[in-house]
Trainee: 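My structure is below; once you've seen it, I'll send some questions.
FYI, the numbering just counts along the sequence from 1. These figures come from a predicted structure and were not determined experimentally.
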Amino acid sequence: MRYVSTRGRAEVLDFAQAMMTGLARDGGLYLPETIPTLSAEQIAALEGLPYEEAALRVITPFVGDSFSQDELSGAIARAYAGFDHVARAPLVQLAPGHHLLELFHGPTIAFKDFAMQLIGQLFQMSLAKSGQRVTILGATSGDTGSAAIEAFKGLPNVDVFIMYPHGRVSAVQRRQMTTPDDANVHALAVDGTFDDCQARLKELFNDHAFRDAVGLAGVNSINWARVLAQIVYYFTGAVSLGAPGRAVDFTVPTGNFGDIFAGSIAKAMGLPIGRLVVATNQNDILHRALSTGEYRVGTVAPSISPSMDIQVSSNFERALWLAYGRDGAAVSQLMDELKSGGFAISQGALQALRETFASGRVSEEETSAMIATIRVETGQVICPHTAVGVAVARQNLRPGVPMITLATAHPAKFPDAVQAAIGLRPDLPPQMAGLFQRAERSTRVENDAEKLKSLILERRSA
Ligand SMILES: *Cc1c(COP(=O)(O)O)cnc(C)c1O
């Protein structure tokens, strides 16, 4: 399987290389040159399989010769062994025809664990083979950072630096990043927003001399291997509701467009997904783009669903590349225009996007009210991100088509927002007890690429 960049001017790589590289050298994102498909029989055969076995079948066609079947199945088994639910991604009913796919049973109780735990295992196998060392650099709106630290802490040959926006992540999120005491973990509190962190990340990756000097590797959702791991639960969720014999819709609380983009790949592989509904909070660039065709960057307004407080959704570039008929030059041009605030999507591309994606946005008040409504209607407590999804899903239900909303985090990860909505403080699951007793360790740093570079050079344990 060959991987090409969305901007068309970077080296073509195999799966392991694309995974170790993260961002392509032309500034683009890697995607498989062709998307493999599964037949209706192959999809039907996933029904009732253990999650790990379904994952192996969905992931294998993308991996090529990079790993053997034994290596891959070992990595998948180790990745999900620490989850606290045997189904890994259990489906629970919210109402007739509306289901929640619970993606918060991993070690950091958000869906990022599905991809990060697997990528940690795959990195380790690759580095053991090559004897290389890498410096993992990530930017996080909260959940990616903790998931990355949890997946890479203590690994030989790896330093992990995570930038998060100072003062803009929840206390649980921050403590998950600042309390691990492994020497290879470096939490960086950047004076800025998540978009600033992501912009600095791209700057550091685009400084090729620095990149090579420290062996920079990226595990943000721009990393194709992250997207790949997330394709699996669209299959397991849809198959348990009757796919491939029946179409299923999904609603996805969306920030960087990684999770929902994985759904669009599942659809391209042959899974009968009717609609993929993008759910945003008040930071609604994606909803505006899909409704109006204008992708215009606004200013980030902090919300009670902070992991979605994003104005530039990196993975949207991948969807654009597909919608523009894999035209790297067209995508490069759009990304140039983005530097000065935004761009208009062509009519043809907009039409192509709307064939797969619908969208909706909810306010802070509606989000809070939905946490309360679901508690009254079902007794379940949902996190604010999930509540954004559920609210948008309810506006998009279609008779006869089951809807699955992705439950992206455990409510205990956002206790203040949940308490404000229902007057109850959700308990942390047992494996996280003690989080508030441990000592924190983090470095405050200016929103400046040069400062970040010197810090990384000084701290990494090369
Ligand atoms: C990361 C995250 C999202 C957004 O996912 P994207 O892949 O960035 O669109 C939504 N909810 C939670 C809880 C998250 O951690």
Trainee: Compute the centroid of each ring, for Tyr80 and then for Phe83, and state whether the two points are separated by less than 6.0 Å.
Mentor: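 Centroid separation for Tyr80 and Phe83: below 6.0 Å.
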Trainee: For the CG atom on Asp212, are there more than 12 heavy atoms of other groups (residues, nucleotides or ligands in this structure) within a distance under 6.0 Å?
Mentor: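 Buried by this count: over 12 neighbours within 6.0 Å.
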Trainee: For Pro244 versus Ile43, what's the shortest heavy-atom pair and its separation?
Mentor: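 Of all heavy-atom pairs spanning Pro244 and Ile43, the closest is CD-CG2, 3.9 Å.
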Trainee: Answer yes if the side chains of Ser264 and Arg318 hold a donor-acceptor pair under 3.5 Å, and no otherwise.
Mentor: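 No.
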Trainee: Do you know which two heavy atoms are closest between Phe123 and Ala217, and how far apart they sit?
Mentor: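 The answer is CE2-CB, 3.8 Å.
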Trainee: Just to verify, which of Tyr234, Phe261, Phe235 counts as forming a ring-ring contact (aromatic ring centres under 6.0 Å, His included) with Phe250?
Mentor: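 Of all the options given, the one that passes is Tyr234.
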Trainee: Verify, without hydrogens or angle tests, whether Tyr3 (side chain) and Gln17 (backbone) share a donor-acceptor contact under 3.5 angstrom.
Mentor: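 No, because the side chain of Tyr3 does not come within donor-acceptor range (under 3.5 Å) of the backbone of Gln17.
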Trainee: In sequence, state the C-alpha distance, the side-chain angles, and the governing distance for Arg7 and Asp26, and then conclude on salt bridge (Lys or Arg N to Asp or Glu O under 4.0 Å).
Mentor: CA-CA 7 Å; Arg7 302 202 191 164; Asp26 60 2; 5.8 Å; no
Trainee: Give a yes-or-no answer on whether the side chains of Gln198 and Asn220 include a donor-acceptor pair shorter than 3.5 Å.
Mentor: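 No, no side-chain donor-acceptor pair sits under 3.5 Å.
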Trainee: Where is the tightest heavy-atom contact between Pro107 and Asp113, given as atom of each residue plus distance?
Mentor: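 The pair with the smallest heavy-atom distance is N-OD2, 3.3 Å.
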Trainee: Could you grab the distance from atom CD1 of Ile136 to atom CD1 of Ile149, nearest 0.5 Å is fine?
Mentor: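 Separation between the atoms: 11.0 Å.
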Trainee: I'd like to know whether Arg88 forms a side chain to side chain donor-acceptor pair (under 3.5 Å) with Thr236, so could you lay out the CA-CA distance, the side-chain angles of the two residues, the decisive distance to 0.1 Å, and finally the verdict.
Mentor: CA-CA 10 Å; Arg88 310 311 183 209; Thr236 61; over 6 Å; no
Trainee: What's the shortest heavy-atom distance between Met1 and Pro32, and which atoms?
Mentor: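 Looking at all heavy atoms of both residues, the shortest contact is SD-CB, 3.7 Å.
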Trainee: Check step by step if side-chain contact (heavy atoms from CB on, under 4.5 Å) holds for Arg226 and Thr144.
Mentor: CA-CA 11 Å; Arg226 291 265 314 270; Thr144 298; 3.6 Å; yes
Trainee: Just so I know, are the side chains of Leu127 and Leu155 near enough to count as touching, which here means a heavy-atom distance under 4.5 Å?
Mentor: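 The answer is no; the side chains never approach within 4.5 Å.
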Trainee: Under the criterion side-chain contact (heavy atoms from CB on, under 4.5 Å), I'd like the reasoning laid out for Met269 against Val58: C-alpha separation, chi angles, the key distance, then a yes or no.
Mentor: CA-CA 9 Å; Met269 290 175 73; Val58 171; 4.2 Å; yes
Trainee: Go through it in stages, so that I can follow the logic: the residues are Ser307 and Lys413, the test is side-chain contact (heavy atoms from CB on, under 4.5 Å), and I'd like the CA-CA distance, side-chain angles, deciding distance and then a yes or no.
Mentor: CA-CA 11 Å; Ser307 305; Lys413 206 157 184 180; over 6 Å; no
Trainee: Take atom CD of Glu458 as the centre, draw a 6.0 Å sphere, and report whether it contains more than 12 heavy atoms from other residues, nucleotides or ligands.
Mentor: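 Result for CD/Glu458: enclosed.
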Trainee: Is the shortest heavy-atom distance from the side chain of Arg398 to the side chain of Met403 under 4.5 Å?
Mentor: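 A side-chain contact is absent here, since even the closest heavy-atom pair is not under 4.5 Å.
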Trainee: Hey, could you give me the CG/OG1 distance between Leu188 and Thr178, rounded to the nearest 0.5 Å?
Mentor: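 It is 12.0 Å, given to the nearest 0.5 Å.
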Trainee: More than 12 heavy atoms of other residues, nucleotides or ligands under 6.0 Å from CD of Glu446: is that the case?
Mentor: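 No, CD of Glu446 has 12 or fewer neighbouring heavy atoms, counting only those of other groups under 6.0 Å.
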Trainee: Give a yes-or-no answer on whether the side chains of Asp309 and Asn283 include a donor-acceptor pair shorter than 3.5 Å.
Mentor: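 There is such a pair between these side chains.
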Trainee: Tell me whether Gln395 at atom CD has more than 12 heavy atoms from other residues, nucleotides or ligands lying less than 6.0 Å away.
Mentor: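 Counting other residues, nucleotides and ligands, CD of Gln395 exceeds 12 neighbours.
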Trainee: Without hydrogens or angle criteria, can the side chains of Asp143 and Gln173 be said to hold a donor-acceptor pair below 3.5 Å?
Mentor: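 There is such a pair (donor and acceptor under 3.5 Å, judged by atom type) between the side chains of Asp143 and Gln173.
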Trainee: Any chance you could lay out the side-chain contact (heavy atoms from CB on, under 4.5 Å) test for Gln176 and Glu150, step after step, and finish with the verdict?
Mentor: CA-CA 8 Å; Gln176 284 181 322; Glu150 200 55 45; over 6 Å; no
Trainee: Before you tell me yes or no, could you show the steps for Glu71 and Lys129 under salt bridge (Lys or Arg N to Asp or Glu O under 4.0 Å), namely the whole-Å CA-CA distance, both residues' side-chain angles and the distance that decides it to 0.1 Å?
Mentor: CA-CA 12 Å; Glu71 287 175 327; Lys129 285 188 199 174; 3.3 Å; yes
Trainee: Is Glu11 atom CD crowded by more than 12 heavy atoms from other residues, nucleotides or ligands, each under 6.0 Å away?
Mentor: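 No - once you tally the heavy atoms of other residues, nucleotides and ligands closer than 6.0 Å, there are 12 at most.
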Trainee: Is the gap between the ring centers of Phe357 and Phe316 under 6.0 Å?
Mentor: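 Not under 6.0 Å, so no.
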Trainee: State whether a side-chain donor-acceptor pair under 3.5 Å links Thr6 with Glu317.
Mentor: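 Judged by distance alone, the side chains do pair up.
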Trainee: Please report the closest heavy-atom contact between Asp196 and Gly192, naming both atoms and the distance.
Mentor: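 Answer, listing the atom of Asp196 first, then Gly192: OD2-CA, 3.3 Å.
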Trainee: Is there a side chain to side chain donor-acceptor pair (under 3.5 Å) between Ser73 and Glu52? Walk through the geometry before answering.
Mentor: CA-CA 8 Å; Ser73 72; Glu52 287 80 352; over 6 Å; no
Trainee: Are more than 12 heavy atoms from other residues, nucleotides or ligands located less than 6.0 Å from atom CD of Glu33?
Mentor: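 More than 12 within 6.0 Å, yes.
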Trainee: Would you please say whether a donor-acceptor pair under 3.5 Å links the side chains of Thr135 and Asp159?
Mentor: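 The criterion, which ignores hydrogens and geometry beyond distance, is not satisfied for Asp159 and Thr135.
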Trainee: For a quick test of reading the model, state the closest non-hydrogen atom pair linking Met308 to Ala279 and the distance between them.
Mentor: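 That closest heavy-atom pairing would be CE-O, 3.5 Å.
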Trainee: Nearest 0.5 Å, please: how far is OG1 in Thr408 from CD1 in Ile109?
Mentor: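 Reported value, rounded in 0.5 Å steps: 11.5 Å.
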Trainee: Going by the angle between their ring planes, with limits at 30° and 60°, are Trp224 and Phe62 parallel, tilted or perpendicular?
Mentor: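 If you compare the ring of Trp224 with that of Phe62, the planes turn out tilted.
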Trainee: Under 3.5 Å, is there a donor-acceptor pair linking the side chains of Ser359 and His287?
Mentor: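 There is such a pair between these side chains.
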Trainee: Indicate whether any N or O donor in one side chain lies under 3.5 Å from an N or O acceptor in the other, for Tyr164 and Ser442.
Mentor: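 Checked: Tyr164/Ser442 side chains pair up, N/O donor to acceptor below 3.5 Å.
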